[in-house]
Amino acid sequence: MVNGTSTPSAPTAFLGQPRPVVAPLLERAADLAIAQVLDADGVPNGNLAEPDLSQAQLRTMYETMALVRVIDEKGWQLQRSGRLEFWIPSRGQEAAHVASALAMDAADWIFLADREPGAMLLRGASLQSLFAQFFGRADEPLKGRRLPLLLGDRALNIIPCMTQVGAYLPHAAGAAWAAKLKGDKTRFIVYFGDGATSRGEFHSAMNFAGIHRPPIVFFCQNNGWAVSTPTDRQTAADSFAEKGDAYKVRNLRVDGNDPLAVFAATKEALACTDEQGATLIEAVTYRLGFHTSSDNPDLYRQPEEVAAWERWDPLPRMRKYLQACGYWDERAEAQMQQRCEDEVREAVTAAEAMAPSEPAAMFDDVFAEPTWQLREQRERLLAELETELETELETGA
Ligand SMILES: Cc1ncc(C[n+]2csc(CCOP(=O)(O)OP(=O)(O)O)c2C)c(N)n1
């Protein structure tokens with residue numbers, strides 16, 4: 001097993017009837033109106049024009065995607081060796097979130113889901129601060145109070161997600177509407193998965209967006225599965241994008257493993273926020289890894305399906321494109337890999353050495369002024385912890 005991906009092996013205890021293997025939709029991108037710049041080998045295929053990006057921007061795009069992969073591999077190892085309590089893999093989804101976040105301005109607001117560490121990096125979060133969040137350290141922007149990968153930092157205009165699938169979509173639409181009412185030029189993006197489109201909050205947010213036209217990009221990462229629920233059990237519609245039609249929300253499908261197509265689609269969606277308000281983007285991608293470290297996809301999907309998607313892995317695709325442009329070579333690749341691994345190792349060491357979160361911090365920031373109930377609960381918790389500590393000291397337990 002590599003970083004939460006299954007290696008083809010003898011079938012394990014499959015739960016129920018194995019589902020038929022679905023070929024990657026990206027193989028039929030033109031027929032399915034999935035906007036695409038690059039073919040599987042990173043060669044422009046004429047479907048969508050290459051966006052106007054400098055060599056430096058293209059390299060940033062690729063290097064951020066590569067760093068996200070190294071972070072993911074390290075996080076997985078840390079979880080499997082008992083040093084991290086939980087992990088949510090992002091393997092395979094690097095292009096979707098890195099390229100779309102790169103299309104935003106620093107002043108724009110981002111509502112994250114839980115597979116987008118690259119968005120934090122692009123906004124300037126240090127690796128140490130990311131690992132401090134993963135380890136739940138006291139001295140990180142959110143005081144170590146939630147699951148690893150539910151990232152955020154108000155100072156970077158990044159809002160962490162709620163673990164209830166899709167629950168934050170109306171908040172994102174409302175925040176964008178508030179910005180519009182105030183006359184701000186800020187735009188918004190909200191990430192979510194295909195599973196969230198079955199929640200009422202998705203439909204409330206879409207309906208609201210169709211009427212009030214807030215400046216927001218609804219960015220659905222359709223990664224094929226919502227834990228063990230495949231696309232054909234999630235919707236009878238031909239696509240997730242077309243759900244926007246019912247609400248008169250502009251919508252499109254893009255190859256989510258093609259960073260150039262994702263960048264172009266997001267830029268365009270942002271450019272029309274003034275006139276058209278929201279756009280729903282369905283980024284067609286694939287979760288190559290486990291749903292989380294508590295999952296075992298061998299119980300519900302077949303290794304052949306994963307292997308077919310490996311061919312559309314966004315990293316080699318982008319690397320081949322950069323090489324063909326003359327912007328990258330094997331030496332640059334080896335140096336970058338080494339740099340990423342060194343930086344991640346140092347960040348892990350530094351973050352692990354930081355103080356753990358304070359249990360009473362869970363009561364902070366709930367209200368501007370804590371209610372009497374919260375104050376009382378906080379005091380009770382502190383008293384209980386004190387008693388526990390005294391007992392431990394007395395009994396030497
Ligand atoms: C309201 C709610 N129901 C169920 C869950 C359990 N759960 C956590 S993630 C998940 C699937 C989410 O799938 P999707 O939205 O496609 O995003 P992905 O995890 O694939 O990125 C579920 C069902 C939850 N967190 N919230």
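One-based numbering, in listed order, for ligands and for the atoms of each.
Distances between N or O atoms of A226 and those of ligand 1 include no value under 3.5 Å. Residue T163 has at least one N or O atom closer than 3.5 Å to an N or O atom of ligand 1. In terms of polar-atom proximity, defined here as any N/O pair under 3.5 Å, D194 does make such a contact with ligand 1. Looking at R287 next to ligand 1, no N or O pair under 3.5 Å apart turns up.
The N223 neighbourhood of ligand 1 comprises atoms 18 (P), 20 (O), 21 (O), with distances under 4.0 Å to a heavy atom of that residue. Those atoms of ligand 1 with a heavy atom of G195 less than 4.0 angstrom away are 14 (P), 15 (O), 16 (O). Here is the list of ligand 1 atoms found below 4.0 Å of a heavy atom in W225: 16 (O), 20 (O). Using a 4.0 Å cut-off to heavy atoms of R199, the atoms of ligand 1 that qualify are 1 (C). Close contacts of ligand 1 with Q164, meaning ligand atoms under 4.0 Å from a residue heavy atom, involve 26 (N). Close contacts of ligand 1 with A196, meaning ligand atoms under 4.0 Å from a residue heavy atom, involve 15 (O). Set against the non-hydrogen atoms of H291, the atoms of ligand 1 under 4.0 Å away are 9 (S), 10 (C), 11 (C), 19 (O).
Closest to atom 7 (N) of ligand 1 by heavy atom, among I88, D114, V165, is V165.
With a 4.5 Å cut-off on side-chain heavy atoms, R301 and V21 do not count as touching. Considering only heavy atoms from C-beta on, H97 comes within 4.5 Å of V68 through its side chain. F240 has its side chain within reach of N222: a pair of non-hydrogen atoms, C-beta onward, lies under 4.5 Å apart.
The closest approach between any non-hydrogen atom of Q221 and ligand 1 is not below 4.0 Å.
Of the N and O atoms on the side chains of R187 and T273, not one donor lies less than 3.5 Å from an acceptor on the other residue.
Atom 18 (P) of ligand 1 is approached by the protein to below 4.0 angstrom, counting heavy atoms only. Distance check on atom 22 (C) of ligand 1: some protein heavy atom falls below the 4.0 Å cut-off.
By the 30° and 60° cut-offs, the orientation of the rings of W87 relative to F134 is perpendicular. Ring-plane geometry between F111 and F188 is classed as tilted, the angle between the planes lying from 30 to 60 degrees on a 0 to 90 degree scale. In this structure, Y247 and H203 have tilted ring planes: the angle between them lies in the 30° to 60° band.
Within a 6.0 Å radius of CG in D52, other residues, nucleotides and ligands contribute 12 heavy atoms or fewer. Counting non-hydrogen atoms of other residues, nucleotides and ligands closer than 6.0 Å to CD of E27 gives a total above 12.
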